[in-house]
Amino acid sequence: MLTIGNKLNMAIIFLNLKFLFLTIFFSTLILKHAFSEENYIVTIVNKIPITKVDVFNRAKLISISIDKSAETKNIENYFNQSLQTLIQEKIILSAGKKINNNLTSIVSDQANKLLLAEFENSKLKLDKFIKKYSISKSILLEKYKVQLIWGIVLRNKYKMQFSKIEKNIDQSIESKEYRNSEDLYDLAEIVIYKKNNNKLIEKINLALKNGANFLEIANQISISSSSKFNGKIGWSNFQNLPQYVKNVAAVRGFDKGIEIKEGETFTFPDKDKIKIIKVLAKRQKGKVSIKEDILLMVQLRFPINFQKKDLAYKKIKNDLDKLLSNKSTCDVLKIFEKKNSKNLDLKVIKTRIADLSPKIESIIKNINFFEISKPIFLGNNGYTYVKCDKREAKLDKINPKKYRETTLNKYFLIYSAKLLKRLNNEANILLIEKVK
């Protein structure tokens, strides 16, 4: 016979077992719910699924480009643009599979090279970026693989057209017709979908107003194939400018000498999309712009941590001023970076002045060579710049090889828009669940 004590012990054991069972049950339920919330299929494009994690990771890259941040509250602002970009990429991958099922593997090595080039061919810098933003290398590679596959698809689709174009280019080079003497405008674009993107367009315009680099944003965000070229769409005469830009010029009184200026941006709707066009450089009657001059410069990123911003900059400036005193090259900076590897990140930049962000252009404009620029502060980091060399652009030194490349790129964009429109209309896009 059970005593009262035994009965009490049995009851306690029973209650503990019941509590344990309920704990396991609810924990399983919560975990199941958590994982279902964490990842699920959002859209299926031509039988290729897009998950919430896919959307989140691409949105994170967009946020890094615009906000220089990977905070969740910022990332959520870019879900719509991220999804639209991924849908377009899946359409391209589907087209590639029709040519060769193994295209993704075939372009893998080249995609790795393109990705590494974005980080100055430094595996260390690439690894730092991956660690800092918790983004896998495979996610970074996706964009380059899609771009390479799309190039193969276009070449395959328009073989005859590209063959004729290349012959015409050869003839133009021989006759030097490419040396145009009219006003020319070097343009870049950012293209996004219009629907549900009012907030995104506001954030892009705000970032540009605050001095963000137009080409970097175009590379990460634009849904146009021009993103492959950092948004660049090449040189145009006035007649071939987008109609909206010509309308603005007409309102200003273009014929009265009120010109379209270098560095100007124009935002306007274009069917179901919104375009932001930037005039990178302008050649008046074919004359080279000083914005086409090539700069060799060094960007030095230094941490602020718990210091005052000005104090952090002053410390680095004092060290660099001593280091660069009476120097005729910037090579000494590489040694300095190695000695201070934990605190400094050095990036060598070779660029046209036209391709710099307005903020960087303004702070390096009036400094001498081997002189430290004023700082730019972003988050926990400060950035300072050193001009190392400058090469004046000259029209008579235009490289025929470069002319060939830019001309082919222009036709690439034309045929790309044409084929993408058709493939989008033919695509089987099934929306499963909204991103939340």
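With hydrogens and angles disregarded, a donor-acceptor distance shorter than 3.5 Å links the side chain of Glu292 to the backbone of Ser289. Checking side-chain atoms of Thr406 against main-chain N and O of Tyr403 turns up a donor-acceptor pair under 3.5 Å. No side-chain donor-acceptor contact under 3.5 Å links Glu89 to the backbone of Val146. In this structure a side-chain-to-backbone donor-acceptor pair under 3.5 Å is missing from Lys143 to Leu115. Using modelled atom types, one side-chain atom of Asn100 and one backbone atom of Asn102 make a donor-acceptor pair closer than 3.5 Å. The backbone N or O of Lys359 sits nowhere less than 3.5 Å from a side-chain atom of Asn213 that would complete a donor-acceptor pair. With hydrogens and angles ignored, the 3.5 Å screen pairs no side-chain donor or acceptor of Lys309 with any backbone N or O of Ile304. Without hydrogens or angle criteria, Glu189 side chain to Lys275 main chain gives no donor-acceptor distance under 3.5 Å. One N or O on the side chain of Asn197 and one on the backbone of Tyr193 form a donor-acceptor pair closer than 3.5 Å. Judged by distance alone, the side chain of Lys387 and the main-chain N or O of Ile367 form a donor-acceptor pair under 3.5 Å.
To the nearest 0.5 Å, atom OH of residue Tyr185 and atom CG of residue Leu241 are 6.0 Å apart. Of the inter-residue distances, the one linking Ser225 atom OG with Leu420 atom CG reads 5.0 Å to the nearest 0.5 angstrom. From Tyr383, atom OH reaches atom CD1 of Ile316 across 13.5 Å, with rounding to the nearest 0.5 Å. Taken from CG in Asn205 to CD1 in Ile201, the straight-line distance is 5.0 Å, to the nearest 0.5 Å. Note that CD1 of Ile92 and CG of Leu423 are 8.5 Å apart. Values are rounded to the nearest 0.5 Å. Rounding to the nearest 0.5 Å gives a distance of 5.5 Å between CG of Leu103 and CD1 of Ile149.
Side-chain contact between Leu346 and Leu333: present, with at least one pair of heavy atoms (C-beta onward) separated by less than 4.5 Å. Two residues are said to be in side-chain contact when any heavy atoms from C-beta on lie closer than 4.5 Å; Val153 and Asn156 fail this criterion. A 4.5 Å side-chain heavy-atom check between Ile152 and Val107 finds at least one atom pair inside the cut-off. A 4.5 Å side-chain heavy-atom check between Tyr78 and Ile66 finds at least one atom pair inside the cut-off. Glu361 has its side chain out of reach of Lys365: every pair of non-hydrogen atoms, C-beta onward, lies at least 4.5 Å apart. Side chains of Ile276 and Ile217 form no contact here, defined as non-hydrogen atoms less than 4.5 Å apart. Residues Leu184 and Asn237 are in side-chain contact: their nearest non-hydrogen atoms beyond the backbone lie under 4.5 Å apart. Residues Leu86 and Ser82 form a side-chain contact, since some pair of their non-hydrogen atoms from C-beta on lies under 4.5 Å apart.
With Lys232 as the fixed residue, the side-chain contact (heavy atoms from CB on, under 4.5 Å) test singles out one of Asn219, Leu280, Leu187, Leu413: Leu280.
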Subject >> Verdict with reasoning, Glu433 to Val42, per side chain to side chain contact (heavy atoms under 4.5 Å, CB included) >> reply: CA-CA 5 Å; Glu433 191 170 344; Val42 176; 5.7 Å; no
**OP:** Just do the side chain to side chain contact (heavy atoms under 4.5 Å, CB included) check on Ile139 and Lys60 with the steps written out, would you?
**Re:** CA-CA 11 Å; Ile139 291 164; Lys60 184 189 280 190; over 6 Å; no
Subject >> Worked verdict on Tyr385 versus Ile376 for side chain to side chain contact (heavy atoms under 4.5 Å, CB included) >> reply: CA-CA 9 Å; Tyr385 298 84; Ile376 294 173; 4.1 Å; yes
**OP:** Carefully, step by step, assess Lys195 and Asn80 under the rule side-chain hydrogen bond (donor to acceptor under 3.5 Å, both in side chains).
**Re:** CA-CA 9 Å; Lys195 189 176 180 181; Asn80 182 58; over 6 Å; no
Original post:
Could you go step by step and tell me if Asn112 and Asp109 meet the side-chain hydrogen bond (donor to acceptor under 3.5 Å, both in side chains) rule?
Top reply: CA-CA 5 Å; Asn112 271 285; Asp109 286 346; 4.9 Å; no
**OP:** Start with the C-alpha distance between Arg404 and Leu408, add both sets of side-chain angles, then the distance that settles side chain to side chain contact (heavy atoms under 4.5 Å, CB included), and finish with yes or no.
**Re:** CA-CA 6 Å; Arg404 177 188 297 278; Leu408 284 172; 4.0 Å; yes
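The nearest pair of heavy atoms linking Ala281 to Trp235 is O-CZ3, 3.9 Å. Between Ile75 and Ala70, the closest heavy-atom pair is CD1-O, 3.2 Å. Of all the heavy atoms in Ser416 and Trp150, the pair that sits closest is OG-NE1, 2.7 Å. Contact detail for Thr104 and Lys145: the closest heavy-atom pair is CG2-CD, 3.9 Å. Closest approach of Pro358 to Ala212, counting heavy atoms only: CD-O, 3.9 Å. Contact record, Pro303 with Ala312: O-CB, 4.2 Å, taken as the closest heavy-atom pair.
The number of heavy-atom neighbours closer than 6.0 Å to CZ of Arg391, taken from other residues, nucleotides and ligands shown, is 12 or below. Heavy atoms of other residues, nucleotides or ligands lying less than 6.0 angstrom from NZ of Lys374 number 12 at most. Atom CD of Gln307 has more than 12 neighbouring heavy atoms from other residues, nucleotides or ligands inside a 6.0 Å radius. Other residues, nucleotides and ligands contribute at most 12 non-hydrogen atoms within 6.0 Å of the CD1 atom of Ile290. Within a 6.0 Å radius of NZ in Lys125, more than 12 heavy atoms belonging to other residues, nucleotides or ligands are found. Around the CD1 atom of Ile41, the shell of radius 6.0 Å holds no more than 12 heavy atoms that belong to other residues, nucleotides or ligands.
A cation-pi arrangement, defined by a distance under 6.0 Å to the six-membered ring centre and an angle within 45 degrees of its axis, is absent between Lys315 and Phe302.
Defined by atom type and a distance below 3.5 Å, a donor-acceptor pair is missing between the side-chain atoms of Asn74 and Lys203. A side-chain donor-acceptor contact under 3.5 Å links Gln243 and Asn247. Between the side chains of Ser222 and Ser224, no donor N or O sits under 3.5 Å from an acceptor N or O.
The pair Lys282-Glu264 does not count as a salt bridge, with every side-chain nitrogen at least 4.0 angstrom from each carboxylate oxygen. A salt bridge does not link Glu120 with Lys128: every distance from a Lys NZ or Arg NE/NH1/NH2 to an Asp or Glu carboxylate oxygen is 4.0 Å or more. Checked for salt-bridge contact, Lys123 and Asp127 meet the test: a charged N lies under 4.0 Å from a carboxylate O. A salt bridge links Asp186 to Arg352: one of the charged nitrogens lies within less than 4.0 Å of a carboxylate oxygen.
For an aromatic pair to be called close, the ring centres must be under 6.0 Å apart, and Tyr411 with Tyr158 fails this.
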